[in-house]
Amino acid sequence: MKPVKKKKTEEPELEPLCCCEYIDRNGEKNHVAACLCDCQDIDEGCDRWLTCKSVQPETCERIMDTISDRLRIPWLRGAKKINISIIPPLVLLPVFLHVASWHFLLGVVVLTSLPVLALWYYYLTHRRKEQTLFFLSLGLFSLGYMYYVFLREVVPRGHVGPTRLAVLTCGLFLILLALYRAKKNPGYLSNPASNDKSLSSSQNECLSKKGQEKTKGFPGADTSGSLNNRTLKDDLKGSFRMLASSPTKVKEDWCAKCQLVRPARAWHCRICGICVRRMDHHCVCCVGESNHQAFILALLIFLLTSVYGIMLTLDTICRDRSVFTALFYCPGVYANYSSALSFTCVWYSVIITAGMAYIFLIQLINISYNVTELEVQQALRQKTGRRLLCGLIVDTGQYNRGFLRNWQQFSTLGTRAFHHPAEDIV
């Protein structure tokens with residue numbers, strides 16, 4: 001008799017979502033049109049606000065989670081979620097710049113408050129270790145909006161030719177290309193428990209020796225030195241603590257959060273929650289071994305393009321004056337709204353360019369002394385670095401091998417075939 005085959009229980013197929021439907025954070029199907037319906041947290045918060053009662057921080061967090069979950073746009077096969085942090089720049093930047101162009105004093109107040117608000121938000125998010133797209137959206141939207149104002153208000157005056165416009169447009173595309181490259185993997189370290197290939201040859205050698213020593217004299221033991229996950233982790237810790245104490249070995253340490261052994265100069269990023277090789281800092285993204293060159297290139301192209309755009313704009317709205325003079329004294333610029341808006345955007349670009357120029361200068365100095373920004377901050381806290389030029393230059397002396405060799409090492413970052421002897425001895 002043939003064995004009776006059991007029929008497989010067919011799982012009920014889920015109905016496809018329309019463009020305005022989505023699965024909310026509770027796992028239930030919801031609709032975009034119901035974004036203002038059935039929200040007890042918002043109702044409670046409004047009631048307490050109307051009755052002049054304080055709103056609990058937990059209630060505020062639940063309200064923000066609800067808003068971020070329901071803030072979606074219709075899309076194919078379900079509505080897509082929008083990160084709430086990208087909305088403020090899209091709304092506030094054009095409003096502030098248009099208000100600043102009404103009068104000179106308004107321009108001073110607005111252009112002074114914008115950097116202060118941005119720095120405050122930067123401090124707040126980094127203190128809470130939160131990931132945000134605010135600064136990325138602010139940077140991208142600032143580029144797009146400045147270019148839009150340039151095309152609408154400056155180019156129609158007829159002073160900017162097609163060649164100059166093409167050069168400016170090319171610079172804008174190169175900025176986006178370099179920024180896209182900088183947003184890629186900065187050199188994340190993978191967990192050796194999930195990827196055995198991430199272990200270096202010295203680690204494998206050390207583990208195999210310890211495994212062979214442990215299996216001697218035990219019948220039936222695996223002589224290949226295979227260890228379970230707990231033993232692997234303990235052996236890695238013990239082995240590299242011993243290596244770190246030796247001055248002739250590579251200094252490596254154990255990251256308890258990522259559960260892996262970090263090579264020298266690797267840091268754990270609190271924002272991304274993962275370790276990065278030769279991490280420099282975290283701004284709109286982690287800057288590490290694999291994308292540090294692209295980050296420097298993006299800064300350089302931005303500075304050149306921004307300065308060129310500022311010169312073209314000032315040469316158009318303030319003719320017969322030098323660029324530096326027109327920046328501080330341009331009579332009649334507030335006579336019409338078009339020139340006032342262009343002049344306000346010029347000053348906004350100047351503020352952003354000055355900030356980026358300072359970052360670029362610090363990066364060049366750090367590369368010349370072969371230090372990262374995190375190493376500089378650590379040296380300042382521990383008072384182990386040598387400060388020059390009122391603290392603008394901090395030389396730890398740990399990896400500094402001379403100006404040319406430092407730049408040679410930086411030019412080969414990300415190439416695994418190149419060996420960095422300066423990082424072997426700490």
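Hydrogens, waters and symmetry mates are skipped; everything else that's a heavy atom, side chains included, is used.
- Of all the heavy atoms in Val394 and Val371, the pair that sits closest is O-CG2, 3.9 Å.
- The minimum heavy-atom distance between Trp347 and Leu327, with the atom names listed, is NE1-O, 3.0 Å.
- Using a distance-only test at 3.5 Å, with no hydrogens or angles considered, no donor-acceptor pair links the side chain of Asp315 to the main chain of Leu312.
- Between Asn400 and Asn406, the side chains place a donor N or O and an acceptor N or O closer than 3.5 Å (distance only, hydrogens not considered).
- In terms of modelled atom types and a separation under 3.5 Å, the side chain of Thr313 and the main chain of Val346 share no donor-acceptor contact.
- For the atom pair Phe96 CZ and Thr344 OG1, the distance stands at 14.0 Å (nearest 0.5 Å).
- Side chain to side chain, Asn336 and Ser338 fail the donor-acceptor criterion of an N or O pair below 3.5 Å.
- Between the side chain of Lys183 and the main chain of Val284, a donor-acceptor pair closer than 3.5 Å is present.
- Residues Trp267 and Cys269 are not in side-chain contact: their nearest non-hydrogen atoms beyond the backbone lie 4.5 Å or more apart.
- If you check the side chains of Ser142 and Tyr348, you find a donor sitting under 3.5 Å from an acceptor.
- In this structure, Asn291 contributes its side chain and Gly187 its backbone to no donor-acceptor pair below 3.5 Å.
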**Prompt:** Can you check side-chain contact (heavy atoms from CB on, under 4.5 Å) on Tyr337 and Trp102, steps first, answer last?
**Reply:** CA-CA 7 Å; Tyr337 185 75; Trp102 291 348; 3.9 Å; yes

**Asked** Would Lys81 and Arg70 count as a side-chain contact (heavy atoms from CB on, under 4.5 Å) if you check the C-alpha gap in whole Å, the side-chain angles of each, and the deciding distance to 0.1 Å?
**Response** CA-CA 7 Å; Lys81 189 176 179 180; Arg70 296 186 179 187; over 6 Å; no

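- With hydrogens and angles disregarded, a donor-acceptor distance shorter than 3.5 Å links the side chain of Arg157 to the backbone of Glu153.
- A donor atom on one side chain and an acceptor atom on the other are not found under 3.5 Å apart for His281 and Gln377.
- A donor-acceptor distance shorter than 3.5 angstrom exists from the side chain of Thr112 to the backbone of Val108, with no hydrogens or angles considered.
- Taking the six-membered ring where the residue is Trp, the centroids of Trp407 and Phe410 are separated by under 6.0 Å.
- Closest approach of Ala326 to Cys318, counting heavy atoms only: CB-CB, 3.6 Å.
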**Prompt:** Please walk me through it: do Ile393 and Tyr369 pass side-chain contact (heavy atoms from CB on, under 4.5 Å)?
**Reply:** CA-CA 9 Å; Ile393 301 174; Tyr369 284 87; 3.4 Å; yes

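- Inspection of the Ser339 and Ser342 side chains reveals no N or O donor paired with an N or O acceptor under 3.5 Å.
- Side-chain contact annotation: Thr169 with Tyr147, donor-acceptor N/O pair under 3.5 Å present.
- With hydrogens and angles disregarded, a donor-acceptor distance shorter than 3.5 Å links the side chain of Ser101 to the backbone of His98.
- With Gln363 contributing its side chain and Ile296 its backbone, the two residues share no donor-acceptor pair below 3.5 Å.
- Considering Arg405, Arg401, Gln398, Gln409 as possible partners of Asn370, the one that fulfils the side-chain hydrogen bond (donor to acceptor under 3.5 Å, both in side chains) test is Gln409.
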**Message:** Using side-chain hydrogen bond (donor to acceptor under 3.5 Å, both in side chains), reason through Thr325 and Ser322 one step at a time and then give a plain yes or no.
**Reply:** CA-CA 5 Å; Thr325 304; Ser322 64; 2.7 Å; yes

**Request:** Would you sort out whether Thr372 and Val376 count as a side-chain contact (heavy atoms from CB on, under 4.5 Å), showing the intermediate values?
**Result:** CA-CA 6 Å; Thr372 63; Val376 167; over 6 Å; no

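- Counting only residues at least two apart or in different chains, salt bridge (Lys or Arg N to Asp or Glu O under 4.0 Å) contacts with residues 357-378 comprise Arg265-Glu375.
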